[in-house]
Engineer: 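Below are the structure tokens for one structure; questions will follow.
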Protein chains: 2
Amino acid sequence: MSAPPRAWETVLQSIELDLLSGRLRPGDRLPPERALAVELGVGRSSVREAIRVLEVLGLLRTSAGSGPGAGAIIVALPGGGMSALMRLQVAARGFPVADVVKTRLVLEASVVTELAEASARADSTMVASASLRPNLRAPVQLLGAMDSPALTEAEFLALDAEFHLALAEASGNQVVTATMAGLRSAIEGYARAGATSLASWADTSTRLRAEHRAIVAAIEAGDAPAARSLVHDHIAGYYAETHQAHHRPARTADASGYPVAR
Amino acid sequence: MSAPPRAWETVLQSIELDLLSGRLRPGDRLPPERALAVELGVGRSSVREAIRVLEVLGLLRTSAGSGPGAGAIIVALPGGGMSALMRLQVAARGFPVADVVKTRLVLEASVVTELAEASARADSTMVASASLRPNLRAPVQLLGAMDSPALTEAEFLALDAEFHLALAEASGNQVVTATMAGLRSAIEGYARAGATSLASWADTSTRLRAEHRAIVAAIEAGDAPAARSLVHDHIAGYYAETHQAHHRPARTADASGYPVAR
DNA sequence: GGTGGGATGTGGTCTGACCACATGCTAGCG
DNA sequence: CGCTAGCATGTGGTCAGACCACATCCCACC
């Protein structure tokens, strides 16, 4: 009837079931490839293909050698896998840059809203306000790093992307954090490509620095609407500035721009 | 210095570069595995591992046989890959269900806002309003399918998840659509798990049907704030109803429910 | 008791072989 | 001359076996 499952899919499914049932948990080690192969009745190469997939997806980490710490270990770090997926999809024209930017706007607006609201809650609480207050140490530190005048454009933009990712991390939502991590390389890509069309990089980077500080200030003040609008303008502003007219036609050989005869 | 790249990583990188440079585009066929292997100076199994990864990520589709249509073909369909990633991460406890729900709230609120605004724009435009108006045929059709009284809970919830995904598709944002597609199986999972704790499935499903219709109506009326709040209440309401008290302890052996002595 | 080197177990890779399947060509038949 | 059955070919899917590099562990030797 339906397509017979390929051998590596059997392996993948078996591991997934073990995860769902709790037989495998983060920190556990997978059985050796050779053992899995005989246990599931498949060849070792099929086991390896499944493990490779899980590794790229961020589910596990492999290392050679012997003893504890070696072998395939469940880690469940979604960032890497999401990042690879987004990067490759953008490379294969699966994800238009405009959609990446729109998604950024939505996610980051939500992130700063949550952070600002958490700050406000912490302010209105007497006790333990330090523990309720979101931890902005990482983003603030990146703010400082971005002040260095010796930075190249690429270095600055890398720190910029990291700053936005650090905000997402601070919000504590792991799905959003992983998605932002995935978007990150795509973001860096379009930011760098667009930077060449700027009138003055010095002016723009100064503006970006100020906008970052304003966003953090709004979060710490617990002003969610302000944080939301600041982050929206920050992202949309840069994108509009760098990608206004040139939508890169680059379709096929027939990119002459002339109307087709027919 | 840094770790030497593993053979399959070289293959992956080579294909990624071909995608970025435009040497490979959607619809193209990859060279045969054996040819790639000799070209890159690696074994065929390493090529296969890289191809497997790309396949799971939704970058390409493989099929045996000969002639056009066979082989590995670039497709760039992000849904499948995202779905596998999210499903496995949830299975491995990488993504808490609460974060999945929060992310749903953010993304779906944005989706219906955009749809409603597009509707409003279409209303205020004289010409070609039909083409500007978002295409809600697919979600509306699912609404009809969900009316069937013969549906089991699982079937209803599957249609429900599909309805929400169809809304995302209608919004046209491919990144959001792919993310929702990824969230979909996780959503179905928690929805089904929670359904067992409902007082009356008949009542709840009737309410869900009505809420769906109200959301579509608000979109078609171009009322973005209403659509936003309706979809928020719809999702948050069901989640609260089904996951209020029991955070599924199921941690380890000590799931007795008794307070620990200490 | 300390230490160095081999034994062991693991992933990483390659080679070669065979199978299943889809296509395309060709020889043979009507 | 045209059609069709069946073989040739090219592709992915899988397996088995071998070897390497590496990390650890253990034991004999000093």
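Just so it is clear: chains get the letters A, B, ... in the order the sequence lines come, proteins before strands, and each one is counted from 1.
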Engineer: Is S63(B) near enough to dA22(C) that one of its side-chain N or O atoms lies under 4.0 angstrom from OP1 or OP2?
Structural biologist: no

Engineer: OP1, OP2 of dG12(C) versus side-chain N and O of S45(B): anything below 4.0 Å?
Structural biologist: no

Engineer: Do R44(B) side-chain and dT14(D) base share a donor-acceptor contact under 3.5 Å?
Structural biologist: yes

Engineer: Got a donor-acceptor pair under 3.5 Å from the side chain of R34(A) to the base of dG17(D)?
Structural biologist: no

Engineer: Could you pick out which residue, A70(B) or E9(A), lies toward the 5' side of DNA chain D when each is mapped onto its nearest nucleotide?
Structural biologist: A70(B)

Engineer: When you measure from the side chain of R48(B), which nucleotide among dG12(C), dG12(D), dC15(D) comes out closest?
Structural biologist: dG12(D)

Engineer: Quick one, I74(B) and L19(B) - any side-chain contact, counting heavy atoms below 4.5 Å?
Structural biologist: yes

Engineer: Tell me the interatomic distance from L30(B), atom CG, to dT11(D), atom P, rounded to whole angstroms.
Structural biologist: 12 Å

Engineer: Looking at R52(B) and dG12(D), is any side-chain donor or acceptor paired with a base atom of the opposite kind under 3.5 Å?
Structural biologist: no

Engineer: Without decimals, in angstroms, what is the distance between L40(A) CG and dT14(D) P?
Structural biologist: 13 Å

Engineer: With a 4.0 Å limit, can you tell me whether T62(A) has a side-chain N or O closer than that to the phosphate oxygens OP1/OP2 of dG12(C)?
Structural biologist: yes

Engineer: Under 3.5 Å, is there a donor on one side chain and an acceptor on the other for T62(A) and R6(B)?
Structural biologist: yes

Engineer: Nearest of dG11(C), dT24(D), dT11(D) to any side-chain atom of E33(A)?
Structural biologist: dG11(C)

